[in-house]
Amino acid sequence: MTSNEAVVPRRQPGELRADEGRADEVRLAGGRRAGGEAAAVDAGFAHARAAFLWACGMDVAVRKPGNVSVASAGHDMSARQFLHSARVSAAALFDARLAPGARLEAAARATREAVGCNTNLGILLLCAPLACAVERQPAADPAALRDALRVVLRGLDLDDARAAYRAIAIASPGGLGSAEAQDVATEPSVDLRAAMALAAHRDLIARQYAEDYAHVFGLGLDAFAGSVRAPLAQRVQAVYLAWLATWPDSHIVRKYGEAQARAVCAEALPWRERLACEPAAADGQAFADWDASLKARGLNPGTSADLTVCTLFIAALLNPVLLDERPPDMPAADWNEAC
């Protein structure tokens with residue numbers, strides 16, 4: 001980061017941009033809306049926070065080959081670190097007084113201070129705009145949520161980009177490399193959505209910012225809905241394998257190159273096809289062996305996992321009944337600690 005970072009103007013907690021006020025959203029002290037909207041917003045935010053924690057809990061409750069889970073640690077990280085990261089980052093992520101970038105920066109800092117490593121940067125990047133969108137549209141309505149998300153994404157400004165760059169520096173993700181334009185190690189000169197658009201060709205998380213999360217609302221939610229009759233754990237695996245078999249994982253691309261990422265896609269595709277017909281195969285030794293093999297090779301499809309969490313977060317926002325479900329093989333103490 002640049003040496004003059006400390007003097008970059010920042011919005012203070014509770015300070016809004018001029019374009020963020022709306023006649024029907026008059027705020028009282030502490031960022032609350034006036035009138036009868038306050039209760040709806042509070043309930044929506046409480047549900048959104050619960051949905052986020054549920055999605056993060058499901059992320060490690062279910063075996064997803066190459067990723068950390070309760071069943072299988074890996075990459076020098078444990079499931080408990082991911083659960084703890086979700087808890088400590090939620091307060092900032094759902095702080096209605098903060099702008100999107102500020103939420104992201106505060107959540108990344110809380111995570112780093114709590115667990116000492118990067119467990120959730122991609123999750124935070126994907127979920128911060130959604131948290132802001134829920135504030136605008138707390139009702140469980142897909143079209144309204146997407147409209148609110150578009151407003152949030154188009155309202156991202158240079159301050160949000162600065163804060164996001166600081167968040168990335170705090171998290172220090174592996175294999176980040178450098179870019180010709182708007183490199184995260186420099187001071188941004190464009191708003192956050194524009195910066196993400198420049199990276200969209202090489203990073204699937206950035207692409208969601210540029211394309212209004214079209215793939216999450218499409219590929220991700222379709223995979224979750226398509227396996228609706230399967231047990232919850234297998235629905236989560238269906239989402240994960242949809243991402244991993246369809247797109248070269250951006251985290252693997254950064255660390256090992258596109259050829260290796262495409263090779264992992266090729267490994268994932270037959271598993272996606274098999275589990276669509278034989279979901280119980282995910283409980284077999286061969287699936288666990290593939291998980292172990294990816295970890296032994298240092299291959300962590302982290303972007304696919306982050307997009308899975310984002311998909312689950314949206315699914316739970318739109319269907320609150322999901323919050324009552326958890327995998328039967330996850331220890332109750334771990335689940336209660338997460339959610």
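- Screening residues 258-272 for salt bridge (charged side-chain N to carboxylate O under 4.0 Å, His left out), with sequence neighbours left out, gives Glu258-Arg262, Glu267-Arg297.
- Look at Glu105 and Arg109 and you find a salt bridge, because one of the NZ, NE, NH1 or NH2 atoms lies within 4.0 Å of a carboxylate O, short of that distance.
- Counting heavy-atom neighbours within 6.0 Å of Asp76 CG, excluding the residue itself, gives a total of 12 or less.
- Proximity of Gln260 to Leu299: side-chain heavy atoms (C-beta onward) are separated by under 4.5 Å at one or more points.
- At least one side-chain heavy atom of Leu307 sits under 4.5 Å from a side-chain heavy atom of Val216.
- Minimum interatomic distance between Val68 and Ala73 (heavy atoms only, all atoms of both residues): CG1-CA, 4.4 Å.
- Hydrophobic clustering (side-chain heavy atoms under 4.5 Å, transitive across Ile, Leu, Val, Met, Phe, Trp, Tyr) keeps Leu275 apart from Leu219.
- Of all non-hydrogen atoms in Asp160 and Leu156, the two that sit nearest each other are OD2-CA, 3.4 Å.
- Formation of a donor-acceptor pair under 3.5 Å by the His47 side chain with backbone atoms of Ala140 is not found in this model.
- With a 4.5 Å cut-off on side-chain heavy atoms, Asp59 and Leu312 do not count as touching.
- To the nearest 0.5 angstrom, Leu317 atom CG is 10.5 Å from Trp54 atom CH2.
- Heavy-atom minimum distance, Leu145 versus Gln137: N-CG, 4.0 Å.
- The shortest side-chain heavy-atom distance between Leu125 and Met196 falls under the 4.5 Å cut-off.
- Taken from CG in Asn118 to CZ in Arg112, the straight-line distance is 6.5 Å, to the nearest 0.5 Å.
- One distance of note links CD of Gln234 with CG of Leu241; it measures 11.0 Å at 0.5 Å rounding.
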Exercise. Just do the side chain to side chain contact (heavy atoms under 4.5 Å, CB included) check on Thr303 and Ile205 with the steps written out, would you?
Key: CA-CA 7 Å; Thr303 301; Ile205 291 175; 4.0 Å; yes

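- Counting only N and O atoms by type, the side chains of Arg254 and His251 include no donor and acceptor under 3.5 Å apart.
- Two different hydrophobic clusters hold Trp290 and Val239 under the rule that ILVMFWY side chains link at heavy-atom gaps under 4.5 Å.
- Under the salt bridge (charged side-chain N to carboxylate O under 4.0 Å, His left out) criterion, Arg207 pairs with Glu211, sequence neighbours left out.
- With sequence neighbours left out, Asp212 forms a salt bridge (charged side-chain N to carboxylate O under 4.0 Å, His left out) with Arg150, Arg154, Arg193.
- Residues passing the side-chain contact (heavy atoms from CB on, under 4.5 Å) test with Ala276, sequence neighbours excluded: none.
- Ser250 meets the side-chain hydrogen bond (donor to acceptor under 3.5 Å, both in side chains) test with no other residue; sequence neighbours excluded.
- Following chains of ILVMFWY side-chain contacts shorter than 4.5 Å, one can reach Val62 starting from Leu232, so the two form part of one hydrophobic cluster.
- Residue Ile123 is grouped with residue Val236 when hydrophobic side chains (ILVMFWY) are merged at heavy-atom distances under 4.5 angstrom, including chains of intermediate members.
- Counting Ile, Leu, Val, Met, Phe, Trp and Tyr side chains that sit under 4.5 Å apart, directly or through other members, Leu158 stands alone, with no cluster partners.
- Here Asp291 pairs with Arg63, Lys295 under the salt bridge (charged side-chain N to carboxylate O under 4.0 Å, His left out) rule; sequence neighbours left out.
- Among residues at least two apart or in separate chains, ring pair (Phe, Tyr, Trp, His ring centres under 6.0 Å) pairs with a member in residues 207-247 are His215-Trp247.
- Using a 4.5 Å cut-off between side-chain heavy atoms of Ile, Leu, Val, Met, Phe, Trp and Tyr, with links allowed through other members, Leu126 and Phe94 fall into the same hydrophobic cluster.
- Between the side chains of Asn120 and Ser85, no donor-acceptor pair is found at a separation under 3.5 Å.
- Shortest non-hydrogen contact noted between Ala131 and Phe313 is N-CE2, 4.5 Å.
- Under the rule for a side-chain hydrogen bond (donor to acceptor under 3.5 Å, both in side chains), Arg235 has no partner lying at least two apart in sequence or in another chain.
- Side-chain contact check for Thr246 versus Cys265: every heavy-atom pair is 4.5 Å or farther apart.
- Taking Asp289 as the reference, Gln285 meet the side-chain hydrogen bond (donor to acceptor under 3.5 Å, both in side chains) condition, with sequence neighbours excluded.
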Quiz item: Under the side chain to side chain contact (heavy atoms under 4.5 Å, CB included) criterion, do Cys56 and Val309 qualify, and how do the steps go?
Solution: CA-CA 6 Å; Cys56 292; Val309 173; 4.1 Å; yes

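- A pairwise comparison of heavy atoms in Ala86 and Phe52 identifies O-CE2, 3.7 Å as the closest pair.
- Residues Leu98 and Ala92 approach most closely at CD1-O, 4.2 Å, considering heavy atoms.
- Checked against salt bridge (charged side-chain N to carboxylate O under 4.0 Å, His left out), Asp306 has no partners two or more places apart in sequence or in another chain.
- Under 4.0 Å is where a charged nitrogen must lie from a carboxylate oxygen, and between Arg103 and Glu135 at least one such pair does.
- In this structure Thr308 satisfies the side-chain hydrogen bond (donor to acceptor under 3.5 Å, both in side chains) test with no other residue, sequence neighbours excluded.
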Exercise. Could you give me the CA-CA distance, side-chain angles and deciding distance for Lys64 and Ser69, then say whether side chain to side chain contact (heavy atoms under 4.5 Å, CB included) is met?
Key: CA-CA 7 Å; Lys64 304 189 318 301; Ser69 68; 6.0 Å; no

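- Here the SG-NE2 distance, from Cys117 to His75, works out to 12.0 Å after rounding to the nearest 0.5 Å.
- To the nearest 0.5 Å, atom CD of residue Glu278 and atom CD of residue Glu273 are 13.0 Å apart.
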Practice problem: Run the numbers on Cys132 and Val134 for side chain to side chain contact (heavy atoms under 4.5 Å, CB included), then give the verdict. | Solution: CA-CA 5 Å; Cys132 296; Val134 171; over 6 Å; no

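- Taken to the nearest 0.5 Å, the CG atom of Asp203 stands 9.5 Å off from the CD atom of Gln208.
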